[in-house]
Asker: 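Before we start, here is the structure in question, set down as structure tokens.
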Number of protein chains: 2
Amino acid sequence: MSAKPPLPHQPVRGSATGRPIMALLDLLGRRWSLRVLWELQGGPLTFRALQTACDGVSPTVLQQRLKELRAARLVIHDGGRGYALTEAARRLQPNLMALQGWAEDWARETPGGSEEQE
Amino acid sequence: MSAKPPLPHQPVRGSATGRPIMALLDLLGRRWSLRVLWELQGGPLTFRALQTACDGVSPTVLQQRLKELRAARLVIHDGGRGYALTEAARRLQPNLMALQGWAEDWARETPGGSEEQE
DNA sequence: TAGTTTGCTACTGAATTCATAGCATAGCAG
DNA sequence: CTGCTATGCTATGAATTCAGTAGCAAACTA
């Protein structure tokens, strides 16, 4: 039913080598993966709170992503507090924060606010 | 036909705020986006070379991603040498390299090689 | 002229994602 | 106990995206 979650040491979609970076690229390159990690940075969230934080993702996909992220040991589910980042995911946090800094510079030099695309 | 590419200052899929980080998360959260940036790190590649580097992505999707990445000013197409990262994308490079380092640590502490998932 | 490579598009089917509704469980007030 | 609320999660069908194959026009080689 569900595609197996991407893990290091295993072939993933788009790369049969099993290189960890490829598994990570596959994992993070799925819809809402990055966003979930981003929203979880502030602390644990319940399933519904997380869903709200992600602008109402469909529970189907959120459930799928959480399943994958849990398999990858990036997220754990603490019955009491909800979903939280693991120690490993927390080491990824600085990189995500760096992404934000980058994005702001990027926004400054990228048209798109006033221009219309299409 | 094609969805408009995510850009900063504009609402994107999953976030209407226009925050740059959300546009970036949407852009990078599409299949092959991160991979394309990754493969382009070594230098310019022609469309077909890039396609090969990405384990034979379908040209349809590659074309779509390149279109988006060009709209976002992360990739440019130099007729002679092929597709290349822009100055802005090159500033993103250290973060991607950091991801690789992280992925290797992650692999060390994540089962998946010998275990079977499902 | 033929042969190759380039970027790119058409077409069809498979996979993923979306949106809505709903379920079972648990806590808590009355 | 009953009624209310919140939790995590699942079912369904439709929409969107992606995949896989084939093929095109232009540029370059010889």
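Chain identifiers are assigned alphabetically (A, B, ...) following the order of the sequence lines, protein sequences preceding nucleic acid strands; residue numbering begins at 1 within each chain.
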Asker: Once you round it to whole Å, what is the distance between C1' of C:dT6 and CG of B:L62?
Answerer: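 In whole Å, C:dT6 C1' lies 13 Å from B:L62 CG.
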Asker: I would like to know whether A:R90 and A:E87 meet salt bridge (Lys or Arg N to Asp or Glu O under 4.0 Å); could you show each step before the answer?
Answerer: CA-CA 5 Å; A:R90 236 174 276 284; A:E87 165 63 24; 5.2 Å; no
Asker: OP1 or OP2 of C:dT17 sitting under 4.0 Å from any side-chain N/O of A:R65?
Answerer: yes
Asker: OP1 or OP2 of D:dC18 versus the side-chain N and O atoms of B:R30: is any pair under 4.0 Å?
Answerer: no
Asker: Whole angstrom is fine here: how far is it from CG in B:D78 over to P in C:dG7?
Answerer: 11 Å
Asker: In whole Å, I'd like the distance from the CG atom of B:L45 to the P atom of C:dC8.
Answerer: 14 Å
Asker: Taking N and O atoms by type only, does the side chain of A:T46 place a donor or acceptor under 3.5 Å from a partner on the base of D:dG8?
Answerer: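 Flag unset: no donor-acceptor pair detected.
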Asker: May I ask you to evaluate whether B:R13 reaches the phosphate of C:dC18, defined as a side-chain N or O under 4.0 Å from OP1 or OP2?
Answerer: no
Asker: For A:R48, does its backbone N or O pair with a side-chain atom of A:T52 as donor and acceptor, under 3.5 Å?
Answerer: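 Indeed, once roles are kept as given, a pair shorter than 3.5 Å links the two residues.
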Asker: Considering only NZ, NE, NH1 and NH2 on the basic side and carboxylate oxygens on the acidic side, decide whether B:E109 and A:R73 come within less than 4.0 Å.
Answerer: no
Asker: How many whole angstroms separate atom CG of A:L66 from atom C1' of D:dT7?
Answerer: 14 Å
Asker: Report the distance from atom OH of B:Y83 to atom P of C:dT5, rounded to the nearest whole Å.
Answerer: 18 Å
Asker: Taking all non-hydrogen atoms of both residues, which atom of A:P6 and which atom of A:V12 are closest, and how far apart?
Answerer: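 Between these two residues, the closest heavy atoms are CB-CG1, 3.8 Å.
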Asker: Write down the atom of B:E68, the atom of B:L27, and the distance for their closest heavy-atom approach.
Answerer: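 Taking every non-hydrogen atom into account, CB-CD1, 4.1 Å.
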Asker: Considering every strand and a 4.0 Å limit on heavy-atom distances, what is the contact class for A:R70: base, sugar-phosphate, or nothing?
Answerer: sugar-phosphate
Asker: In whole Å, what is the span from the CD atom of B:Q64 to the P atom of C:dG7?
Answerer: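 One finds 17 Å between P of C:dG7 and CD of B:Q64, rounded.
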Asker: Does a sphere of radius 6.0 Å around CZ in B:R81 hold more than 12 heavy atoms from other residues, nucleotides or ligands, not counting ones at 6.0 Å or beyond?
Answerer: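 Open: at most 12 neighbouring heavy atoms sit under 6.0 Å from CZ of B:R81.
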Asker: Output the single nucleotide from C:dA10, C:dC8, D:dG8 whose closest atom is nearest the side chain of B:T60.
Answerer: C:dA10
Asker: If I take atom CD in residue B:Q51 and atom C1' in nucleotide C:dT6, what distance separates them, rounded to the nearest angstrom?
Answerer: 12 Å
Asker: Testing the 3.5 Å rule here: is there a donor-acceptor pair between the side chains of A:T60 and A:S58?
Answerer: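 No.
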Asker: If you compare every side-chain N and O of B:W32 against the phosphate oxygens of D:dT17 (OP1, OP2), does one of them come in below 4.0 Å?
Answerer: no
Asker: Quick test: give all pairs of protein nitrogen or oxygen and nucleotides 23-27 of chain D nitrogen or oxygen below 3.5 Å, distance rounded to 0.1 Å.
Answerer:
none

Asker: Given atom CG of B:L50 and atom C1' of C:dT5, what is their separation to the nearest angstrom?
Answerer: 16 Å
